[in-house]
Amino acid sequence: MRMNRLSSAVLIGIVLCASENDRSFAAGNGDANANVASTATPEEAAMQAAAYKARLAARAATDEGFFLGRTGDFRAARKKFSQAIELDPKFSPAYRLRADTCLKMSDWAGAIVDLDTLITLDPNDADIFNERGFARRQLGDLHGARDDFDRCIILGTDLPLAYGNRAEVELMLGDDSAAAGDLAQAQSLAATMSASPPASSTPSARKSQTHHKTPRTGTSNNAKGTTR
């Protein structure tokens, strides 16, 4: 069986692309000045100003890494994302981009570290569990991978890749019956999505529309033939 690799395996420039306003994913959306309360004490204002300055610096470093990733210089991009995280440890886009860079570089363990952090920051992001499941499968943790795909499906049942990825792991674990059911569900969801008009122009929606493809059925002997 040949399966399409997870959505996280695509180029960083596709996975986390610029918004409709030509601002990078790292730039965020809120008004940064809203972080500084007008009623703060001088000490609080100083702390808020420092946090605001750190966030701006983290955004700038993440932007630089984002564009380096688009050129294919993943090592340099990862360094920039690491710099952003040092500047602002709570800036989640830097973790997301660094995790995707690690996946692109086949640094599965490094990706899992950042994906673990992202799950702590947002335990309801289905895509993160899908990506961590892929990294775990690459490291041979099949039961952990299946647990992550289970969680991804619970959080986002319209993700055909999650069903396809779980089917691949189930085949590797010898659970052919469960794999057949997941493959059928993946194909059904993919067919429905391909027949539906785009519902949104957000980066996440564009990623889903581009990379949700129908897996082809096969035998468990070919389960390791996942394309990269």
Side-chain angles (χ1 to χ4, degrees), residues 3-20 22-29 58-139 141 144-145 148-149 151-152 155-156 159-162 164-165 168 200 202-213 226-228:
M3 307 283 296
N4 291 297
R5 180 177 173 176
L6 293 176
S7 57
S8 63
V10 297
L11 288 172
I12 291 176
I14 298 175
V15 175
L16 297 171
C17 58
S19 73
E20 291 302 305
D22 293 328
R23 299 169 64 194
S24 78
F25 181 90
N29 292 316
R59 288 178 177 177
T62 304
D63 282 342
E64 292 179 35
F66 170 80
F67 289 109
L68 285 167
R70 292 189 66 180
T71 68
D73 192 348
F74 299 113
R75 292 187 182 279
R78 185 165 61 177
K79 288 182 180 179
K80 285 294 181 181
F81 301 141
S82 296
Q83 178 184 343
I85 290 168
E86 290 177 4
L87 290 165
D88 187 349
K90 294 183 179 181
F91 189 49
S92 60
Y95 290 101
R96 183 64 181 268
L97 284 160
R98 190 171 71 174
D100 282 310
T101 303
C102 288
L103 289 168
K104 188 64 181 176
M105 298 171 67
S106 300
D107 179 5
W108 317 121
I112 288 173
V113 171
D114 284 337
L115 294 169
D116 286 346
T117 300
L118 287 165
I119 288 170
T120 300
L121 295 172
D122 183 3
N124 297 312
D125 189 333
D127 285 334
I128 299 302
F129 286 97
N130 192 42
E131 293 170 2
R132 192 175 70 173
F134 175 75
R136 283 179 163 179
R137 187 190 73 80
Q138 293 298 105
L139 291 175
D141 181 6
D148 277 343
F149 297 138
R151 184 64 178 163
C152 175
L155 292 171
L159 297 174
L161 275 178
N165 289 327
E168 181 178 25
S200 172
T202 64
S204 295
R206 287 197 296 269
K207 178 181 68 173
S208 297
Q209 293 158 9
T210 302
H211 299 290
H212 284 169
K213 299 179 181 178
T226 305
T227 56
R228 292 178 55 183

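This one's a predicted model, so the numbers in the text were calculated from it and none came from an experiment.
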To the nearest 0.5 Å, how far apart are CG in Asp100 and CZ in Phe74? 10.0 Å

At what distance, to the nearest 0.5 angstrom, does CZ of Phe81 lie from CG of Asp114? 10.5 Å

Nearest atoms (heavy-atom pairs only) where Ile112 meets Ala135: CG1-CB, 3.6 Å

Search all heavy atoms of Ala58 against all heavy atoms of Leu87 and return the closest pair with its distance. N-CD1, 3.9 Å

Measure from the side-chain N and O atoms of Tyr95 to the backbone N and O of Pro89, and report whether any donor-acceptor pair falls under 3.5 Å. yes

I need the minimum non-hydrogen distance between Ser92 and Leu118, along with the two atoms involved. O-CD2, 3.6 Å

Distance (rounded to the nearest 0.5 Å) between Asp63 CG and Lys80 NZ: 11.0 Å

Rounded to the nearest 0.5 Å, how far apart are CG of Leu97 and SG of Cys102? 11.0 Å

Under 4.5 Å between any side-chain heavy atoms of Ile85 and Thr117, yes or no? no

Measuring from Glu131:CD to Ile119:CD1, what's the distance to the nearest 0.5 Å? 9.5 Å

Can you find a pair of side-chain heavy atoms, one from Thr120 and one from Asp116, that are under 4.5 Å apart? no

Okay, side chain of Arg132, backbone of Leu115: is any donor-acceptor separation there less than 3.5 Å? no

Mind checking the CD-NZ spacing from Gln83 to Lys79? Nearest 0.5 Å is all I need. 11.0 Å

Flag side-chain contact, heavy atom, 4.5 Å: Asp148 against Asn165: no

Any idea which heavy atoms bring Ala126 and Gly156 closest together, and the distance? CB-N, 3.9 Å

Let me see the working for Asp122 and Arg96 under salt bridge (charged side-chain N to carboxylate O under 4.0 Å, His left out), right down to the final yes or no. CA-CA 11 Å; Asp122 183 3; Arg96 183 64 181 268; over 6 Å; no

If I compare all heavy atoms of Arg151 with all of Pro123, which pair ends up nearest, and what's the gap? NH2-O, 3.9 Å

